[in-house]
Amino acid sequence: MVVLFLLAALLQAPVLGSLYGPRFLTGEVGGSVTHQCFYSITPANKHDRKFWCKIAENGVCYTIVSSTDPASPEYEGRLSLRDVPQSGTFTVTMTGLKGSDTGRYRCGIGPTRGGLYVSLNLTVSADAGVSRPIQVVQGKLHGSVTVLCPSGDTQSGGRRFWCKVGRSNCTLLADSDGYVGRRYHGRIFITPRESSGAFKVLINDLVKEDSGLYRCGVEGLNGLDSPQEVALQVTTAFALPRRPKFLSGTVGGSLSFQCHYDPKGSYKKKYLCRWEEGSCSLLLDTDGFVHESYKGRVQTTSSDPKHGTFTVVMSQLREEDSGWYWCRAASGHTEHTSSVKLHIHKELCSSQDPETTTPVKSTSSSLAASRTPTQRSIKGRVYTVGSVTKSTTVGTVTKSTTVGTVTKSTKVGTVTKSTTVGTVTRTTRTLLPTATPGTSGTSPGESYHER
């Protein structure tokens, strides 16, 4: 059987979700072809009618087989349709191909007229080449996936790429040269090539819009080196819970976060890496490795295989620690990943608790000097930075509290006997609320055109 898939395109529908499949199909005379149609796994799509029709010269698409009707007499014995609702896929296989089978077809869901469908062109020739079948990859909403890209030419030193297939080209989303599309910033990683030449594309924090047809491969001297087509399906019916994606800390302080993985999987290696421009440098793993620049500052403190978690603690934080970090759990070629972005700030504010300030005797005859607070503007908000000193004297007592740019001042009456009392100031470190950061932009998308 010759299974060929070329130039696939994504077709979106607002009501039923998405339906996508190859736009062009080629087979040999006397041979066979298999066409795969992928759809969103919703109750309506899973149980609705699936069809395959051929478009006539008058523009009408006549059904030749469906999940509720057998093949028409002209195709009897050489045409079949198989639906797999669990995977959101239905497959049409045509055998004993004839030259007259060349034409335009549709695979769809619902009624033949008015249903959701994808159109394609089938070309039957005397000599057709062979390409890899589409690789089907499924992931849960908010979860992660691992795509294994075949070896191809093990000697090729070209860039590795991941692109989304369109009607006539493949829009680049990420490559091994450091390019990452805006929507994938911080959540995609193309691994280095293994000795076999194969590599992996890791994607996490999946969204519904990630469903579609993709291509991965290596760009060689003569163009694309036998790319692999991938159908990525994001299952929304079994969505994983959302977890914090952004964390804040202060310079010199510490913070911790949990890394999650599927407790049912046999993940033998768990590690943390730092994501930057599409690469991910190893920082530590559960076998005891710690990167030189993080020794004494990062560690795993607990592991809970039953619930699929391990905790990472980072201390002695520095401003340069700000950035994306990836939790990874590996089992063979499969990896479960999640990402978190850290924002490390300088000490933003310090304050004292007037209820716990303890006065002590002082031999000085002068009042304790008050430190002048400075102000910092953050995204339109103004916060007091520095220490606020509460002074108590026999004389005039002034309590001043600065909140934003508003000052409240209260004066307490005057006593004739004068005694100077020193002040002990208690300072606590307070994190200011951090606005959800936006993703940084990258260069305009590129396209891989068919050669």
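Predicted model, so just to flag it, every value in this text is computed and none were measured.
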Does atom CZ of R243 have more than 12 heavy-atom neighbours, drawn from other residues, nucleotides or ligands, at distances under 6.0 Å?
-> yes
Are C149 and V201 close enough that some pair of their side-chain heavy atoms sits under 4.5 Å apart?
-> yes
Identify the heavy atoms of [X] and [Y] that sit nearest to each other, and give their distance.
| X | Y | answer |
| --- | --- | --- |
| Q36 | I134 | OE1-CB, 3.8 Å |
| G296 | S315 | O-OG, 3.9 Å |
| L97 | G27 | CD1-CA, 3.9 Å |

Residues that S331 engages under side chain to side chain contact (heavy atoms under 4.5 Å, CB included), provided they are two or more places apart =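 Here the qualifying residues are S266, Y267.
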In Y75, F90, Y105, Y117, the residue satisfying ring-ring contact (aromatic ring centres under 6.0 Å, His included) with W52 is Y105
Would C170 and F161 count as a side chain to side chain contact (heavy atoms under 4.5 Å, CB included) if you check the C-alpha gap in whole Å, the side-chain angles of each, and the deciding distance to 0.1 Å?
-> CA-CA 10 Å; C170 200; F161 66 88; 5.6 Å; no
Stepwise side chain to side chain contact (heavy atoms under 4.5 Å, CB included) test for Y294 and R274 | CA-CA 11 Å; Y294 283 82; R274 181 161 184 173; 3.0 Å; yes
Please collect all disulfide bond (SG atoms under 2.5 Å apart) contacts where either partner lies in residues 271-318, sequence neighbours excluded, each pair once.
->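 Every disulfide bond (SG atoms under 2.5 Å apart) pair that includes a residue of residues 271-318, provided the two are not neighbours, is C273-C280.
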Side chain to side chain contact (heavy atoms under 4.5 Å, CB included) between C259 and F257: does it pass, once the steps are laid out?
-> CA-CA 7 Å; C259 291; F257 53 90; 4.1 Å; yes
F189: ring pair (Phe, Tyr, Trp, His ring centres under 6.0 Å) partners, not counting sequence neighbours | none
Sequence neighbours excluded, which residues qualify as ring pair (Phe, Tyr, Trp, His ring centres under 6.0 Å) partners of F310?
-> none
Is a salt bridge present between D262 and K140, judged by a nitrogen-to-oxygen distance below 4.0 Å?
-> no
When you check the gap from the basic side-chain N to the acidic O, do R187 and D205 get nearer than 4.0 Å?
-> no
Evaluate the criterion side chain to side chain donor-acceptor pair (under 3.5 Å) for residue pair S293 and H291; output intermediate values, then yes/no.
-> CA-CA 6 Å; S293 62; H291 191 276; 3.0 Å; yes
side-chain hydrogen bond (donor to acceptor under 3.5 Å, both in side chains) partner of Y39, the single match among D83, D48, T89 | D83
Set of residues satisfying side chain to side chain donor-acceptor pair (under 3.5 Å) with respect to T191, sequence neighbours excluded =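 Applying side chain to side chain donor-acceptor pair (under 3.5 Å) to T191 gives none.
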Sequence-distant partners of K200, side chain to side chain donor-acceptor pair (under 3.5 Å), two or more places apart = E335
Side chain to side chain contact (heavy atoms under 4.5 Å, CB included) evaluation trace for H260 with L240 | CA-CA 11 Å; H260 298 262; L240 294 174; over 6 Å; no
Side-chain donor/acceptor of R297 to backbone N/O of Q316, under 3.5 Å |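 Checking the backbone N and O of Q316 against the side chain of R297, a donor-acceptor pair under 3.5 Å is found.
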Are the side chain of S67 and the backbone of K50 linked by a donor-acceptor contact shorter than 3.5 Å?
->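 Side chain of S67 to backbone of K50, a donor-acceptor pair under 3.5 Å: yes, one is there.
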Give me the ring orientation class for W324 and W275: parallel if the planes are under 30° apart, tilted from 30 to 60°, perpendicular past 60°.
->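 W324 and W275: perpendicular rings.
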